[in-house]
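Reviewing the structure listed below.
Just so it is clear, the structure is predicted and the values come from calculations on it, not from any experiment.
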Amino acid sequence: MKALLVNPSLKEVMEIEIEPTLGAIQDLIGFKTIASDEIDDNFDQLFFDEECFIRQQDQVGRFKVDNLAPILGMGVIVNTVDSKAFNSPKVSLSDLIKRVTFL
């Protein structure tokens, strides 16, 4: 499936192909402790390291989507209703790029 990866170190948002599993999302983020926030009414979710501000991480950038709280580290956007079945996000790459602010 397609996913959108937000890489704040490179200040880049890109479309990638991943397996539709929680493990694949965790691998991209780099940690098993993940959380998510809904970013639209279409069930698109931003997954991120739940402990991103507790964890000591040097040289890792920050970003935010719209008015959500800033995130430290990688973010992955996929579409899911229940965090068990994952699909390609409904939001387009070009629309998401307009909504991401790198800090």
Side-chain angles (χ1 to χ4, degrees):
M1 77 171 180
K2 291 185 187 335
L4 300 174
L5 177 66
V6 181
N7 184 333
S9 296
L10 299 176
K11 296 186 177 183
E12 184 174 75
V13 182
M14 65 186 91
E15 188 175 271
I16 58 170
E17 286 284 331
I18 65 169
E19 293 295 318
T21 65
L22 182 61
I25 294 169
Q26 290 170 323
D27 288 346
L28 283 170
I29 293 169
F31 298 99
K32 299 289 183 203
T33 54
I34 62 172
S36 68
D37 275 325
E38 194 170 285
I39 64 164
D40 59 30
D41 294 335
N42 296 316
F43 302 108
D44 286 339
Q45 300 276 332
L46 166 63
F47 286 85
F48 56 93
D49 175 21
E50 183 176 36
E51 298 178 359
C52 65
F53 291 111
I54 303 169
R55 210 179 295 280
Q56 294 292 324
Q57 298 181 73
D58 295 331
Q59 306 300 319
V60 177
R62 295 174 15 159
F63 73 96
K64 67 180 197 164
V65 176
D66 300 327
N67 293 323
L68 294 177
I71 304 295
L72 182 69
M74 300 287 228
V76 177
I77 295 167
V78 297
N79 189 275
T80 182
V81 175
D82 58 9
S83 294
K84 293 180 183 167
F86 301 101
N87 298 295
S88 298
K90 303 286 186 202
V91 65
S92 69
L93 176 61
S94 60
D95 286 342
L96 181 64
I97 288 170
K98 295 174 192 171
R99 297 170 56 191
V100 172
T101 305
F102 294 102
L103 308 171

(message) With a sphere of 6.0 Å drawn around CD of Glu19, does it hold more than 12 non-hydrogen atoms of other residues, nucleotides or ligands?
(response)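 It does not: Glu19 CD has 12 such atoms or fewer within range.
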(request) Could you name each residue pair satisfying salt bridge (Lys or Arg N to Asp or Glu O under 4.0 Å) that touches residues 60-87, not counting sequence neighbours? (result)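 Non-adjacent pairs meeting salt bridge (Lys or Arg N to Asp or Glu O under 4.0 Å): Asp66-Arg99.
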(message) I'd like to check the side-chain hydrogen bond (donor to acceptor under 3.5 Å, both in side chains) partners of Asn87; sequence neighbours left out, ordered by chain and number.
(response)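 Asn87 satisfies side-chain hydrogen bond (donor to acceptor under 3.5 Å, both in side chains) with no residue once adjacent residues are dropped.
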(request) List, by chain and then residue number, the residues other than Phe43 in its hydrophobic cluster (Ile/Leu/Val/Met/Phe/Trp/Tyr, side-chain heavy atoms under 4.5 Å); write none if there are no others. (result)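 Once heavy-atom contacts under 4.5 Å are chained together, Phe43 belongs with Val81.
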Minimum heavy-atom separation for [X] to [Y], with atom names?
{"X": "Gly61", "Y": "Ser9", "result": "N-OG, 3.7 Å"}
{"X": "Ala3", "Y": "Pro89", "result": "CA-CD, 4.1 Å"}
{"X": "Ile29", "Y": "Ile34", "result": "CD1-CG2, 3.7 Å"}

(request) From the options Asp40, Asn42, Asp44, select the one residue that forms a side chain to side chain donor-acceptor pair (under 3.5 Å) with Asn79. (result)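 Single side chain to side chain donor-acceptor pair (under 3.5 Å) partner of Asn79 among Asp40, Asn42, Asp44: Asp44.
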(message) Under 4.5 Å between side-chain heavy atoms, counting indirect links through other Ile/Leu/Val/Met/Phe/Trp/Tyr residues: same cluster for Leu93 and Val65 or not?
(response)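 Same cluster.
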Excluding sequence neighbours, so at least two apart, what forms side-chain contact (heavy atoms from CB on, under 4.5 Å) with [X]?
{"X": "Asp41", "result": "none"}
{"X": "Met1", "result": "Ile18, Pro20, Val78, Phe86, Ser88"}
{"X": "Phe102", "result": "Val6, Pro8, Lys11, Val13, Phe63, Val100"}

(message) Evaluate Lys32 against Asp27 for side-chain contact (heavy atoms from CB on, under 4.5 Å), listing each step before the verdict.
(response) CA-CA 8 Å; Lys32 299 289 183 203; Asp27 288 346; 4.0 Å; yes
(message) I'd like to know if the side chain of Ser36 and the backbone of Leu46 have a donor-acceptor N/O pair within less than 3.5 Å.
(response)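 Absent.
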